[in-house]
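Report on the structure given below.
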Amino acid sequence: MPSATVNKPRPSELLSRLTSAEPEVKVRALREVKNQIIGNRTKKLSFLKLGAVPAVAGILADSIDDVTDNNNCNNDSNNAINILVQSAAALGSFACGFDAGVQAVLDAGAFPNLLRLLANPNEKVVDAVARALRMIYQSKLAPKYDFLQQKNMEFLISLLNSEKENVSGLGASIITRSCETNLEQKALFDAGILRKLNSLLEGGSLSQRDASLESLATIFRNNPEVISKFAGPEIGRPLSSIIDLAKDRYPRTRLLACMCLIVIRNASPHFLQDIGIKTKLIHILLELLDDPGQVGDEAPFAFSSLIAQKEDLQKLALEANAIDKLHHHIKKGSLHPRRYEGILLALADMYSKLESCRSKFLSLQVLNLLADALTDYNAGVRAAACICLKSVTRSIKNLSAGYFMNETIVIPLVQLFLDPSTSVQVAALGATSNIVVDFTTRKSIFVQCGGMKQLVQLAKSMESSVRSNALWALKNFVFQADNRLKEGVFSELTASLLSSLIRDPEPSVQEQALALVRNLVDGCINLIEFVFAEDGLILGAIGRQLQCASTAEIGIQGMYALCNVASGNEFHKEAVMQLLFTQMGDKNQSFVIKFLQSNDSRLCTATVWTIVNLTCPSSPGAPGRLEKLRNAGIVSQIKNMVNDPCVDVKLRVRTVLGQSMAFGDN
């Protein structure tokens with residue numbers, strides 16, 4: 001017998017039924033809307049475009065006053081209750097996992113009405129409303145509560161004390177989305193919230209446990225004081241409860257427990273030092289990668305958070321075959337973009353410090369898979385691939401072997417310089433900054449692919465992060481490069497552009513522009529002429545920037561640029577001397593004295609080294625320059641530094657004083 005096909009009502013038909021005067025028709029229409037949009041983003045979008053959310057929100061608002069007390073039930077009251085339940089459920093479905101739906105619910109004014117209905121005497125209404133609000137509080141768009149206000153804290157406590165699972169879960173969800181400051185974290189602890197969350201961990205339902213774990217992680221984040229209090233004797237054995245939940249039968253609970261433990265360890269490293277716990281966390285998170293749903297998508301991000309910047313954990317992860325397992329998942333293909341991005345970031349953290357991990361990368365021949373990821377349709381995946389490439393190219397050994405300066409990597413990387421996403425551009429430039437420090441003679445590949453010209457164009461970007469990273473890449477590109485390549489870069493840049501970048505409003509751009517000049521003029525004496533182009537635009541810009549340097553890094557790079565110029569001929573040395581004494585600050589004092597008195601040994605070293613080059617005994621003008629430096633109090637300041645705790649500073653100081661003695665100075 002052939003099966004019958006049931007035709008679902010079209011969205012426009014359902015919307016017209018929502019306006020029906022018949023309560024039963026309205027309830028069925030609301031239920032049908034909810035059923036059609038559950039888990040279907042396309043359907044949600046279709047209904048959104050037709051204005052379904054304001055219509056449902058209007059029905060909710062109109063029905064609030066129609067509901068009577070449960071003890072006085074009649075047919076009209078039951079209809080109103082059903083309408084409230086179904087309209088709240090529909091609004092929750094629109095909001096579930098869909099930020100556009102959340103925004104539509106908020107814009108329609110439904111949020112305050114949903115909150116108001118939490119006090120409704122009907123349990124079905126309260127449960128449906130609490131569910132809908134929990135869907136809203138899955139999103140970062142959800143309204144935040146200021147827990148420093150007493151009324152908000154009292155409201156939160158009333159939710160957490162509720163016997164209704166969804167209401168107490170809502171309280172935990174509000175904490176997760178609202179708690180942002182250390183003061184709020186402390187206020188929640190002082191109000192006894194952590195004790196309540198811990199009781200939900202130990203005796204609550206699955207939903208309550210998960211919500212509590214998320215809330216606890218939020219309250220613990222970057223707050224060692226609260227963690228210490230939580231782990232103390234007054235609450236019981238809460239850390240043991242969380243550790244036990246990391247072995248729970250439910251994958252999401254295991255993930256959330258792991259994330260909570262990672263937050264604790266990252267904020268307070270003296271907790272969870274046991275190598276067994278650390279190893280167990282690694283194994284659990286690697287196992288969760290096999291989960292086909294959202295848990296598997298989020299597991300690599302938790303893994304990254306666990307091992308980031310921690311060599312001991314990276315070693316444990318390597319021993320647990322983490323790289324092989326992560327590589328296996330990429331090789332399988334057909335990954336959800338979120339999971340793909342997370343795995344690439346996890347690999348980036350694995351490759352960030354240990355040469356043994358980077359060697360594993362090459363042995364597994366992951367390079368082609370990484371090249372494919374650079375061209376993925378998802379911006380998050382492209383950025384993650386660049387970050388991964390940046391980590392693996394930190395290896396001087398691999399750079400020296402020329403593994404990365406090839407068309408397979410360079411062409412897609414250069415194409416990302418024009419990516420519509422700024423985060424992808426910045427990530428691509430970060431990877432490029434490492435790759436172009438190629439110690440072979442193959443830098444011409446980058447030029448032929450148009451990389452050098454694109455970097456110059458990006459140095460003019462409106463985004464300061466792009467300008468800074470483009471200059472960083474150019475700085476590394478000309479590092480120890482031959483004269484011809486440097487001349488090509490300078491020809492593209494021009495003195496006027498470079499001088500304007502030195503004077504950029506952003507300190508990070510100033511620093512990288514000065515560092516680029518430093519590398520450009522390093523080496524052959526002819527290269528020093530770059531700073532004298534267009535009537536000395538660059539040299540003048542360096543002097544003005546050093547006089548008002550806002551960070552030590554700007555001073556360091558600027559002084560090393562002058563140091564390289566001062567290594568040239570007499571004309572070059574005299575130009576630097578003139579700059580040092582033309583750019584005078586308050587009290588008619590050269591910035592040189594200020595730099596020599598700096599607490600930053602790197603800045604002191606760069607400044608003294610410049611003086612070394614200016615007073616080289618083989619230079620005819622050295623005695624006159626030394627006399628001028630002595631009269632300005634610079635030599636006496638250097639004499640005060642003879643026992644500087646920094647070896648580099650002490651070495652350069654003694655060189656200057658030795659040269660000074662060669663000219664008869666005591």
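In this text the structure is predicted, and so the values were computed from the model without any measurement. Both backbone and side-chain heavy atoms feed into the values below; hydrogens, waters and symmetry mates do not.
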Over all heavy atoms of both residues, which pair between [X] and [Y] is shortest? Give the atoms and the distance, please.
X: L344; Y: A384; answer: CB-CB, 3.7 Å
X: M350; Y: A322; answer: CE-CB, 4.4 Å
X: A385; Y: L370; answer: O-CD1, 4.0 Å
X: L416; Y: A428; answer: CB-CB, 3.7 Å
X: L106; Y: L141; answer: CD1-O, 3.5 Å
X: L498; Y: A513; answer: CD1-O, 4.3 Å

Heavy-atom side-chain proximity of [X] to [Y] below 4.5 angstrom:
X: N266; Y: S305; result: yes
X: S508; Y: W472; result: no
X: Q138; Y: S173; result: no
X: L514; Y: E511; result: no
X: K44; Y: C96; result: yes
X: L354; Y: E311; result: yes
X: I330; Y: D372; result: no
X: Y560; Y: N519; result: no

Sub-3.5 Å donor-acceptor pair from the side chain of [X] to the main-chain atoms of [Y], do we have one?
X: T279; Y: G276; value: no
X: R339; Y: G293; value: yes
X: S178; Y: K144; value: no
X: K486; Y: D522; value: yes
X: R467; Y: M462; value: yes
X: T393; Y: K390; value: yes
X: Q185; Y: E180; value: no
X: Q510; Y: D504; value: yes
X: N564; Y: R518; value: yes
X: R209; Y: L200; value: no

For the pair S207 and S205, evaluate side-chain hydrogen bond (donor to acceptor under 3.5 Å, both in side chains) and give the outcome as yes or no after the intermediate values. CA-CA 5 Å; S207 171; S205 66; 4.9 Å; no
Start with the C-alpha gap between T605 and D648, add the side-chain angles, then the distance that decides, and say whether side-chain hydrogen bond (donor to acceptor under 3.5 Å, both in side chains) holds. CA-CA 6 Å; T605 302; D648 280 344; 5.0 Å; no
Are [X] and [Y] within salt-bridge range, i.e. N to O under 4.0 Å?
X: R602; Y: E553; value: yes
X: D324; Y: K360; value: yes
X: K278; Y: D312; value: yes
X: D297; Y: R338; value: no
X: E319; Y: K315; value: no
X: R358; Y: E355; value: yes

Spacing of [atom1] belonging to [X] relative to [atom2] belonging to [Y], to within rounding of 0.5 Å:
X: N476; Y: L429; atom1: CG; atom2: CG; answer: 11.5 Å
X: K43; Y: S93; atom1: NZ; atom2: OG; answer: 14.0 Å
X: F479; Y: L520; atom1: CZ; atom2: CG; answer: 13.0 Å
X: L418; Y: Q415; atom1: CG; atom2: CD; answer: 9.0 Å
X: C386; Y: L413; atom1: SG; atom2: CG; answer: 5.5 Å
X: R394; Y: N434; atom1: CZ; atom2: CG; answer: 7.0 Å

Can you say whether the rings of F417 and F446 are parallel (under 30°), tilted (30 to 60°) or perpendicular (over 60°)?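 Judged by the thresholds at 30° and 60°, the geometry between F417 and F446 is perpendicular.
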Run the side-chain contact (heavy atoms from CB on, under 4.5 Å) test on N378 and R382 for me, step by step, so that the C-alpha distance in whole Å, both residues' side-chain angles and the decisive distance to 0.1 Å come before the verdict. CA-CA 6 Å; N378 182 273; R382 296 195 300 274; 5.6 Å; no
For the [atom1] atom on [X], are there more than 12 heavy atoms of other groups (residues, nucleotides or ligands in this structure) within a distance under 6.0 Å?
X: K280; atom1: NZ; value: no
X: R131; atom1: CZ; value: no
X: K331; atom1: NZ; value: no
X: K310; atom1: NZ; value: yes

Test side-chain contact (heavy atoms from CB on, under 4.5 Å) on I37 and F94 and set out the steps. CA-CA 7 Å; I37 65 175; F94 275 114; 3.7 Å; yes
F230 and F189: aromatic ring centres closer than 6.0 Å? no
Report the C-alpha separation of L345 and C388 in whole Å, then their side-chain angles, then the decisive distance to 0.1 Å, and conclude whether the side-chain contact (heavy atoms from CB on, under 4.5 Å) test is met. CA-CA 6 Å; L345 291 175; C388 187; over 6 Å; no
For L474, which of V489, L458, N469, V436 qualifies under side chain to side chain contact (heavy atoms under 4.5 Å, CB included)?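 For L474, the side chain to side chain contact (heavy atoms under 4.5 Å, CB included) check succeeds only for V489.
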Does K353 form a side-chain hydrogen bond (donor to acceptor under 3.5 Å, both in side chains) with Q314? I'd like the steps, not just the answer. CA-CA 8 Å; K353 288 186 173 292; Q314 289 167 16; over 6 Å; no
Donor-acceptor pairs under 3.5 Å, side chain of residues 252-264 to any protein atom, not counting sequence neighbours: which ones?
{"unit_1": "R252", "atom_1": "NH2", "unit_2": "E214", "atom_2": "OE1", "d": "3.3"}
{"unit_1": "T253", "atom_1": "OG1", "unit_2": "D210", "atom_2": "OD1", "d": "2.7"}
{"unit_1": "R254", "atom_1": "NH1", "unit_2": "D248", "atom_2": "O", "d": "2.9"}
{"unit_1": "R254", "atom_1": "NH1", "unit_2": "R249", "atom_2": "O", "d": "3.2"}

Walk me through it: do Y145 and I175 pass the test side-chain contact (heavy atoms from CB on, under 4.5 Å)? CA-CA 8 Å; Y145 279 83; I175 293 172; over 6 Å; no
Let me see the working for E506 and S468 under side-chain hydrogen bond (donor to acceptor under 3.5 Å, both in side chains), right down to the final yes or no. CA-CA 9 Å; E506 292 294 326; S468 174; over 6 Å; no
